[in-house]
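Heavy atoms only: backbone and side chains are in, while hydrogens, waters and symmetry mates are out.
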Amino acid sequence: MSEKIYVGVDVGGTAIKVGICNVDGDLLHTYEGPTETSKGTDTILHNIAQYARNIVAESSFEWEQVEGVGVGIAGFLDIPNGIVKFSGNLKIENVNLKGYLEKELQVKVLVNNDANVAALGEAWAGAGKGIDNCVCYTLGTGVGGGIIIGGKIVEGFAGMAGELGHIAIVPDLEAIQCGCGKMGCLESVSSATGIIRMAKDAVERGDRTTLTQVENIMAKDVIDAAKAGDEVAARIVSRAAYYLGKSMALMAVVLNPECFIIGGGVSKAGDFLFDQIREVFAKYTQKEAQEGVKIVAATLGNNAGVVGAAGLILRS
């Protein structure tokens, strides 16, 4: 019998990335094409289907070997039915993505939130390979998340499980409004956006810092300044680490995962950030819930989405 393959599609606002994986989660082939969001819903749907076809056509495999196609997409989803209720990045609304693709491709199609899919990728074939229970954080513009229990994505009643960035963890006296409209979310302090905001606030207060040019400042600039000994920058990074570690302490006693995986641009701070997170986690977590638990960096990078999307077919 021919080897079965699994196609994963990561739909972004600018580009659609596609990958072919084998049963072990090895990424065998990749393809990328423009999303063409400005051309409307029909073009986006056509491109997703076409790129899935294209990647198989240019590989050494045949379409008959495709066991299924998984799709990761940002937005509010009806996950069981594969319907995109609304995606701000793509400007699409109430689209039966699963139904459309199954008709076009004549294979099983599963659709899930992009953060869940990236988490599944890391759990299946990345930093969590061989681990059935893990919690994944993505530290970028916001704080994304995904929870894998028993090797499967935890979706929750309305598909909102794993929204780690919106844990209301910052005390009221320190809290600011998050982009979601609520107060005190983890995302408001531990994302790249949160770190940049805290740096700009420090400069505006007149704090003594090397971070004087804040107009185009990046989170990396703050982290680099902290590593170089800037006390203000160090306090900002420590605050981001503190609330990350504390949120993990909460997850530890609710889910008892074996591993926390951290990805996204901010995670590139490395042990300077991770050691502080581990210290806070150890301080606030019961001994029994932290024994053997690892806090590690993601390893798949930009490929986590396509690998995880392919994994939907095997892991759902």
Side-chain angles (χ1 to χ4, degrees), residues 2-23 25-121 124-125 153 159 300-316:
S2 298
E3 177 186 6
K4 292 295 184 182
I5 58 171
Y6 306 84
V7 176
V9 183
D10 182 8
V11 183
T14 302
I16 297 170
K17 300 175 183 177
V18 191
I20 294 175
C21 290
N22 62 17
V23 71
D26 299 321
L27 186 59
L28 307 177
H29 198 79
T30 59
Y31 181 94
E32 183 173 323
T35 309
E36 297 186 301
T37 306
S38 63
K39 295 184 179 180
T41 300
D42 290 346
T43 296
I44 295 170
L45 295 179
H46 170 79
N47 287 345
I48 294 171
Q50 187 61 50
Y51 299 162
R53 289 269 187 199
N54 288 354
I55 192 173
V56 177
E58 70 175 32
S59 74
S60 60
F61 301 101
E62 302 293 333
W63 187 257
E64 289 70 25
Q65 294 175 257
V66 177
E67 188 75 359
V69 175
V71 183
I73 188 168
F76 297 99
L77 313 176
D78 172 354
I79 293 173
N81 294 307
I83 295 172
V84 182
K85 293 182 177 180
F86 177 73
S87 176
N89 289 350
L90 303 175
K91 299 179 177 61
I92 63 176
E93 189 171 0
N94 295 323
V95 174
N96 187 343
L97 182 57
K98 174 181 169 69
Y100 173 86
L101 291 177
E102 286 188 337
K103 182 179 179 181
E104 291 294 314
L105 300 177
Q106 295 296 300
V107 294
K108 178 180 180 181
V109 174
L110 292 174
V111 179
N112 212 303
N113 176 275
D114 61 340
N116 286 343
V117 163
L120 182 60
W124 181 32
I153 297 170
L300 294 182
N302 292 332
N303 290 327
V306 293
V307 173
L312 288 173
I313 305 301
L314 278 165
R315 292 284 192 116
S316 297

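Residues passing the side chain to side chain contact (heavy atoms under 4.5 Å, CB included) test with Pro34 are Glu36, Tyr51, sequence neighbours excluded. Contacts of Glu67 classified as salt bridge (charged side-chain N to carboxylate O under 4.0 Å, His left out), with partners at least two apart in sequence or in another chain: Lys4. The side chain to side chain donor-acceptor pair (under 3.5 Å) test applied to Asn112 returns Asn116, Glu155, not counting sequence neighbours. Partners of Asn81 under the side chain to side chain donor-acceptor pair (under 3.5 Å) rule, at least two apart in sequence or in another chain, are Asp78. For Asp114, the side chain to side chain contact (heavy atoms under 4.5 Å, CB included) criterion is met by Ala74, not counting sequence neighbours. Under the rule for a salt bridge (charged side-chain N to carboxylate O under 4.0 Å, His left out), Lys17 has no partner lying at least two apart in sequence or in another chain. Take Asp26 and apply the side chain to side chain donor-acceptor pair (under 3.5 Å) test, not counting sequence neighbours, and it matches Asn22. By the side chain to side chain contact (heavy atoms under 4.5 Å, CB included) test, His29 is found to be paired with Ile20, Ile55, Glu58, Ser59, residues two or more places apart in sequence or in another chain being considered. With sequence neighbours excluded, no residue satisfies side chain to side chain donor-acceptor pair (under 3.5 Å) with Glu104. For Thr35, the side chain to side chain contact (heavy atoms under 4.5 Å, CB included) partners are Ile16, Thr37, Ile44, Leu90, not counting sequence neighbours.
The minimum heavy-atom distance between Trp124 and Val23, with the atom names listed, is CZ2-O, 3.6 Å. Scanning both residues, Val84 and Ser87, for their nearest heavy atoms gives CG1-CB, 4.0 Å.
Evaluation of the ring pair (Phe, Tyr, Trp, His ring centres under 6.0 Å) test over residues 73-106, restricted to residues two or more places apart or in two chains, returns none.
Between Ile79 atom CD1 and Leu110 atom CG the span is 10.5 Å, to the nearest 0.5 Å. Note: Leu312 CG to Ile153 CD1 = 5.0 Å, rounded to the nearest 0.5 Å. Taking CG from Asn47 and CG from Asn54, the interatomic distance works out to 9.5 Å, rounded to the nearest 0.5 Å. Atoms CZ and OH, on Arg53 and Tyr31 in that order, are 13.5 Å from each other to the nearest 0.5 Å.
The shortest distance between side-chain heavy atoms of Val95 and Val111 does not fall below 4.5 Å.
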Would you list the atom pairs, donor with acceptor, under 3.5 Å between side chains in residues 302-309 and any protein atom, with sequence neighbours excluded?
none

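Surrounding CD of Glu32 are more than 12 heavy atoms belonging to other residues, nucleotides or ligands, all under 6.0 Å away.
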(message) What verdict does the side chain to side chain contact (heavy atoms under 4.5 Å, CB included) test give for Ile92 and Ile73, after you've listed the backbone C-alpha separation in whole Å, the side-chain angles of each residue and the deciding distance to 0.1 Å?
(response) CA-CA 11 Å; Ile92 63 176; Ile73 188 168; 4.3 Å; yes
(request) For Leu97 and Ile48, run side chain to side chain contact (heavy atoms under 4.5 Å, CB included): C-alpha distance rounded to whole Å, both residues' side-chain angles, the deciding distance at 0.1 Å, then the answer. (result) CA-CA 10 Å; Leu97 182 57; Ile48 294 171; 4.1 Å; yes
(message) Is there a side chain to side chain contact (heavy atoms under 4.5 Å, CB included) between Ile83 and Lys98? Walk through the geometry before answering.
(response) CA-CA 7 Å; Ile83 295 172; Lys98 174 181 169 69; over 6 Å; no
(request) Verify side chain to side chain contact (heavy atoms under 4.5 Å, CB included) between Ile313 and Val69, making sure each step is shown before the conclusion. (result) CA-CA 7 Å; Ile313 305 301; Val69 175; 5.6 Å; no
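Under a 3.5 Å cut-off, the side chain of Trp63 and the backbone N or O of Leu105 do form a donor-acceptor pair. Side-chain atoms of Glu102 never come within 3.5 Å of backbone atoms of Gly99 as a donor-acceptor pair (strictly under, hydrogens ignored).
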